[in-house]
Amino acid sequence: MKRREFLTKTMGATAAMTLPFSVSSKEPEHKWDREYDLIIVGSGFTGVAAAYSAYKAGLKNILVLEKMKVWGGNSVISGGLAGMPNSKLQKKLGIKDSPELLVKDMLKAGRNFNNPELAYIMASQAYTVYDMLIDCGAQFKDKLIRSGGHSAARSHIPKNASGGGLVVPMHKYLLAHGVKFQNRTKVSNLIQESDLSISGVAVQEDYDFDTKKFKRESTYKSRHGIVVATGGWTQDKKFISTTMPMYSDLERTAHPGATSEMIKSLLAVGSLPLNFDMYQLGPWGCPDEIGGGPASFFAGYAFNESIAVDPMTGQRFVDEHSSRRTRSEAEMLVMEKGTKEKPNYPITFSSEDTAFRAEGFDAAFRDGSVQKTNSVAELAELYGMDVNKLTQSIADWNEVLKGNMPDPFGKTIDKRTELKAPYYSMRLSPKLHYCMGGIAINKNAEVISADTCEPIKGLFAGGEVAAGTHGMDRLGGCSSVDCMVFGQIAGRTAAKYKANA
Amino acid sequence: MKLGIMAAIAALLFSSHLFAATNSIKPHHIEAMGSDMTCKTCHTTKGKFQRPSDTACKDCHGGMSDIPTEPNRFDKNPHASHHYEDLLECTVCHSEHSPSKEVCSRCHIVEFKNLK
């Protein structure tokens with residue numbers, strides 16, 4: 001059943017006609033095929049965190065729905081970095097940090113488009129995410145890194161350097177505690193009652209994302225409302241080219257299922273949209289690999305300890321450790337000096353010492369997205385650079401490292417690793433990475449109505465599908481935490497909500 | 001009425017060995033099972049013909065972590081990925097009537113030579 005068809009089918013004949021998205025003036029005519037205490041849509045960071053907190057709050061019959069065949073969406077294919085001030089690990093390592101400091105970094109990156117209340121909730125509850133993950137059996141490396149735009153080393157790295165290292169243990173913990181997971185199930189509509197509350201979902205079962213075919217349509221009732229944890233839609237070309245035409249042709253980092261069905265369903269029930277023209281670009285993108293792969297991880301280290309250059313000038317062009325937006329914008333200007341067919345891709349490179357410490361380096365080098373050169377001359381030749389200018393840029397950077405001259409871009413240096421041959425290098429090209437926009441939520445993860453600016457009853461959301469925490473742009477290692485903090489809150493709020501029991 | 005007849009023909013086709021003749025069974029299954037290998041071996045649900053759940057696979061093979069797999073030349077093990085570990089349904093990667101395809105190959109060069 002198409003969205004519109006469903007709505008008209010269930011729509012009441014009288015008063016409801018003036019409210020375009022309401023469905024009935026009395027009790028709904030549809031009968032439910034199944035009933036649950038709580039339905040969570042999406043099985044990534046937000047979904048599992050919501051299921052965890054709802055389970056802890058005492059809900060029994062919890063269902064997590066997933067549209068795809070595989071679980072965990074973008075969360076499990078991410079690097080899984082998590083910026084958590086005041087975690088037990090950060091305290092153990094003796095790193096000085098605070099939620100206030102993280103909020104300051106987030107507001108700067110978000111250029112104050114953030115909802116500061118949401119940003120503070122995320123930063124101040126981040127340590128609870130660490131405790132939840134450890135409780136579920138996730139493991140972290142015994143080190144923290146300072147990702148771009150962060151003023152403290154607070155990025156925790158999953159032991160296997162993948163978001164799967166966090167989501168999978170949680171998924172297994174939840175299965176062991178009776179939470180049900182159902183994949184290949186697409187939610188086609190949120191079901192709204194005459195009082196505008198959300199009571200359930202209409203789904204397509206045994207849904208095949210590739211062919212869009214499905215076996216059955218059903219309706220599921222959820223006594224405690226619906227938690228929407230469906231992430232972003234950067235793979236939805238039409239939605240991107242409509243909201244931000246300039247980004248239409250960019251490569252994307254998301255998995256194919258990151259499309260716009262649920263954001264449209266949220267809008268259809270009257271949710272308030274925010275910042276729909278704002279998207280994040282990943283400055284560590286590499287044109288020589290698919291998505292945000294291992295080369296992106298290497299780039300993070302090269303940005304931190306080394307430099308990036310414009311091959312046309314052989315010179316640096318940005319603080320390589322600034323926010324993602326600042327770096328991506330600078331990279332795009334460099335690329336535009338070439339042609340559309342042959343962009344002038346910026347280059348980042350590092351010494352062997354840096355490269356060998358970077359997660360992802362082995363795989364990136366193996367796959368050829370990161371290349372080795374044994375001298376400045378070889379490096380210059382590989383990318384058609386002027387060897388004298390490149391030599392000068394490297395010499396200048398080494399002087400900065402020694403403290404003999406200030407960094408011309410004001411970069412903060414954590415680790416002073418001499419930049420010398422052999423060099424490991426890669427090409428850079430920003431990729432469409434994250435939807436800054438989404439629907440508005442409040443501090444309880446309740447979805448806000450566009451009509452009243454008050455919560456829509458029985459509708460909760462968190463993570464990428466919700467906007468506000470990060471503003472115009474977000475820092476690395478902050479989406480995972482945003483997802484899990486507001487996922488937890490959504491699960492708790494839903495557990496307390498009980499309108500249609 | 002017409003629909004009814006068509007459904008009856010379809011049901012007949014699906015329940016007989018005729019269907020197996022048009023949808024090939026992979027040699028390793030024939031080798032292992034011989035003529036015991038029929039549509040019903042995997043398609044266990046009564047009534048309507050459906051995509052099998054992986055219970056049928058697991059009854060013979062065990063779960064992902066029970067099945068020995070050889071690492072590829074990059075030392076990666078298909079049944080223990082960083083992203084999904086052993087949570088996936090068999091049919092995410094394995095097909096019986098068409099070539100199997102590793103879900104990881106969407107992003108990575110994997111070259112699992114023994115994929116069946």
Side-chain angles (χ1 to χ4, degrees), chain A residues 43-44 66 68-80 137 158-172 174-175 181-184 205-210 213-216 253-257 289-294 296 359-360 362-369, chain B residues 7 10-11 14 42-58 62-66 71-113 115:
Chain A
S43 64
E66 171 56 53
M68 306 301 283
K69 287 190 279 191
V70 297
W71 307 106
N74 286 321
S75 303
V76 298
I77 61 166
S78 75
K159 208 156 199 178
N160 66 7
S162 168
L166 309 179
V167 177
V168 174
M170 288 201 65
H171 190 124
K172 289 182 173 175
L174 294 165
L175 282 175
F181 283 77
Q182 183 177 317
N183 61 351
R184 307 180 200 245
E205 292 166 352
D206 214 345
Y207 173 79
D208 182 334
F209 179 78
D210 298 322
K213 287 181 183 155
F214 57 91
K215 287 276 160 60
R216 278 171 305 279
T253 60
H255 78 110
E289 71 175 11
I290 300 167
S296 301
E359 289 81 14
D362 287 339
F365 186 50
R366 178 192 76 202
D367 294 348
S369 45
Chain B
F14 279 27
C42 304
H43 297 279
T44 52
T45 42
K46 281 190 185 136
K48 216 174 145 195
F49 203 75
Q50 285 176 343
R51 176 178 57 79
S53 79
D54 53 4
T55 319
C57 315
K58 286 177 182 166
M64 274 177 92
S65 42
D66 303 320
N72 65 4
R73 67 187 173 98
F74 310 124
D75 227 21
K76 298 291 176 197
N77 190 316
H79 282 188
S81 91
H82 287 177
H83 305 307
Y84 304 111
E85 294 184 20
D86 57 357
L87 279 180
L88 295 180
E89 286 171 9
C90 309
T91 51
V92 167
C93 301
H94 298 276
S95 304
E96 185 65 18
H97 307 312
S98 55
S100 296
K101 191 167 167 49
E102 318 90 329
V103 69
C104 30
S105 65
R106 205 176 60 217
C107 299
H108 300 285
I109 301 162
V110 285
E111 299 173 9
F112 292 124
K113 291 198 172 128
L115 175 69

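Here the structure is a predicted model, which means the values were calculated and not measured. As a basis for the values below, the full set of heavy atoms in this structure was taken, side chains included, without hydrogen atoms, waters or symmetry mates. The chains referred to below are lettered A, B, ... by the order of the sequence lines, with proteins before strands, and numbering in each begins at 1.
For A/S296 and A/E289, the side-chain atoms include at least one donor-acceptor pair closer than 3.5 Å.
Heavy atoms closer than 4.5 Å to chain B are found nowhere in A/L166, neither backbone nor side chain. Heavy-atom distances place both the backbone and the side chain of B/V92 under 4.5 Å from chain A. Neither the backbone nor the side chain of A/D362 comes within less than 4.5 Å of any heavy atom in chain B.
Residues B/V110 and B/C104 share a closest heavy-atom pair of CG1-SG, 3.8 Å. What you find for B/P78 and B/M64 is that their closest heavy atoms are O-CE, 4.2 Å. Across all their heavy atoms, B/P52 and B/H43 have their closest contact at CD-CE1, 3.5 Å.
Contact count versus chain A (heavy atoms, under 4.5 Å) is highest, among B/K76, B/E89, B/H108, B/Q50, for B/E89. Comparing A/A363, A/P158, A/P256 by heavy-atom pairs within less than 4.5 Å of chain B, the highest count is held by A/P256. Across A/R366, A/K69, A/H255, the residue that shares the most heavy-atom pairs under 4.5 angstrom with chain B is A/R366. Of the listed residues (A/M68, A/K215, A/K172), the greatest number of heavy-atom pairs within a distance under 4.5 Å of chain B belongs to A/K172.
The pair A/R184-A/D208 fails the salt-bridge criterion, with no side-chain N (NZ, NE, NH1 or NH2) lying under 4.0 Å from an Asp/Glu carboxylate O.
In summary, the aromatic rings of B/Y84 and A/W71 are positioned with their centroids too far apart to meet the 6.0 Å limit.
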